[in-house]
S.K.: 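If you scroll down you'll find the structure; I have some questions about it.
Every heavy atom of this structure was used, including side-chain atoms; hydrogens, water molecules and symmetry mates were not. Predicted model, so just to flag it, every value in this text is computed and none were measured. Note that ligands are numbered from 1 as they come in the structure, with each ligand's atoms numbered from 1 the same way.
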Amino acid sequence: MKTMLNIALPKGRLGEKVLAMFEKSGFECPAIHESGRKLIFENPEKCVRYFWVKPSDVSIYVERGAADIGIAGKDILLEYEPDVYELVDLDIGKCRMAVAGKKDFRDDTTKTLRVATKFTNITKTYYASIGRDIDIIHLNGSIEIAPILGLSDVIVDIVETGATLKENNLDVRETIVPISARLIANKSSFKFKNEMIEKVACALSEFAASEDKK
Ligand code: PRP
């Protein structure tokens with residue numbers, strides 16, 4: 001029996017781009033293009049099995065070995081610090097993690113700063129690095145509303161085009177870190193399926209580099 005490479009793809013717009021990268025790199029899977037609600041697809045000829053998972057869950061599948069490799073945003077890797085190898089920066093899904101606030105907000109450094117975010121780990125690490133006292137307010141979405149309603153002074157969130165901030169009268173105050181999609185691998189898979197994983201990693205990094213030059 002052939003050894004298959006199990007690949008966790010992030011469901012959604014980024015996932016479609018990622019799948020196209022895999023397919024153009026020689027790891028196509030015709031079955032995945034059939035419409036329906038199926039989540040697992042394989043192409044035994046190419047020894048690949050793809051499955052769609054929630055983007056923030058990719059690193060869980062990979063860390064626990066249910067997937068050998070996967071594509072995760074750097075935001076998720078920094079937030080959850082999964083025990084995986086980060087192999088390639090795919091140079092897609094680019095955005096940044098930033099602090100944003102109301103246009104007229106002035107930081108009073110004598111007071112604890114109230115920060116609303118989904119990314120509590122990234123936020124704590126960032127403010128600890130600059131020695132600023134904060135009160136974290138963990139939210140699950142629509143973070144931009146928090147400073148408008150006075151729930152927080154600022155937010156830490158992903159900014160891509162900046163449209164969401166603009167439409168809610170918020171400004172970026174500081175950029176914490178640039179974000180992009182990364183190819184990650186399970187540590188033991190990397191040992192035992194090394195040849196296959198290296199082949200994928202090489203093909204994807206060559207593909208990402210050639211796209212960059214276009
Ligand atoms: C993210 C983020 C912002 C928005 C930024 O939300 O939380 O709300 O994208 O993008 P922009 O700068 O292009 O406007 P996402 O759509 O990923 O969903 P979420 O609300 O679940 O975080």
S.K.: Counting only heavy atoms on the protein side, is anything nearer than 4.0 Å to atom 10 (O) of ligand 1?
M.R.: yes

S.K.: Mind checking what makes ring-ring contact (aromatic ring centres under 6.0 Å, His included) contact with Phe22, not counting sequence neighbours?
M.R.: Tyr50

S.K.: If the cut-off is 4.0 Å to any non-hydrogen atom of Val159, which atoms of ligand 1 fall inside it?
M.R.: 12 (O)

S.K.: Under the criterion salt bridge (charged side-chain N to carboxylate O under 4.0 Å, His left out), I'd like the reasoning laid out for Asp153 against Arg114: C-alpha separation, chi angles, the key distance, then a yes or no.
M.R.: CA-CA 5 Å; Asp153 299 313; Arg114 297 169 307 149; 2.9 Å; yes

S.K.: Check the side chains of Glu174 and Tyr126 for a donor-acceptor pair under 3.5 angstrom, ignoring hydrogens and angles.
M.R.: yes

S.K.: Answer with side chain, backbone, both or neither: which part of Asp157 has a heavy atom less than 4.0 angstrom from an atom of ligand 1?
M.R.: side chain

S.K.: Taking distance alone, with N or O pairs closer than 3.5 Å, would you say Thr164 contacts ligand 1?
M.R.: yes

S.K.: What residues join Ile145 in its hydrophobic cluster, counting side-chain heavy atom gaps under 4.5 Å, either direct or through other members?
M.R.: Leu149

S.K.: Considering heavy atoms of the protein only, find what lies nearest to atom 1 (C) of ligand 1 and give residue, atom and distance to 0.1 Å.
M.R.: Ile158 O, 4.4 Å

S.K.: Is atom 19 (P) of ligand 1 close to the protein, meaning a heavy atom under 4.0 Å from it?
M.R.: yes

S.K.: If the contact criterion is a heavy-atom separation under 4.0 Å, does Ile143 count as touching ligand 1?
M.R.: no

S.K.: My understanding is that only one of Leu19, Val58, Ile40 makes a side chain to side chain contact (heavy atoms under 4.5 Å, CB included) with Trp52; could you say which?
M.R.: Leu19

S.K.: List the closest protein heavy-atom neighbour of atom 8 (O) of ligand 1: residue, atom name, distance to the nearest 0.1 Å.
M.R.: Glu144 OE2, 2.8 Å

S.K.: Should Glu167 be listed as contacting ligand 1, given a heavy-atom distance under 4.0 Å as the test?
M.R.: no

S.K.: Are Glu79 and Lys118 within salt-bridge range, i.e. N to O under 4.0 Å?
M.R.: no

S.K.: Rounded to the nearest 0.5 Å, how far apart are NZ of Lys54 and OH of Tyr61?
M.R.: 11.5 Å

S.K.: Knowing that exactly one of Asp75, Asp91, Asp89 qualifies, which makes a side-chain hydrogen bond (donor to acceptor under 3.5 Å, both in side chains) with Ser180?
M.R.: Asp89

S.K.: I want to know if ligand 1 touches Glu160 in the polar sense, i.e. an N/O pair below 3.5 angstrom.
M.R.: yes

S.K.: Under 4.0 Å from atom 6 (O) of ligand 1, can you find at least one protein heavy atom?
M.R.: no

S.K.: Quiz question for you: does at least one protein heavy atom lie closer than 4.0 Å to atom 15 (P) of ligand 1?
M.R.: no

S.K.: To check your reading of the model: name the closest protein heavy atom to atom 13 (O) of ligand 1, its residue, and the distance in Å.
M.R.: Thr161 OG1, 2.5 Å

S.K.: If I apply the N/O under 3.5 Å rule, does Gly162 come out as touching ligand 1?
M.R.: yes

S.K.: Taking atom OH of Tyr80 as the centre, does the number of heavy atoms from other residues, nucleotides or ligands within less than 6.0 Å exceed 12?
M.R.: no

S.K.: Lys118: heavy atom below 4.0 Å from ligand 1, yes or no?
M.R.: yes

S.K.: Does a salt bridge link Arg132 with Asp107, judged by any charged N lying under 4.0 Å from a carboxylate O?
M.R.: yes

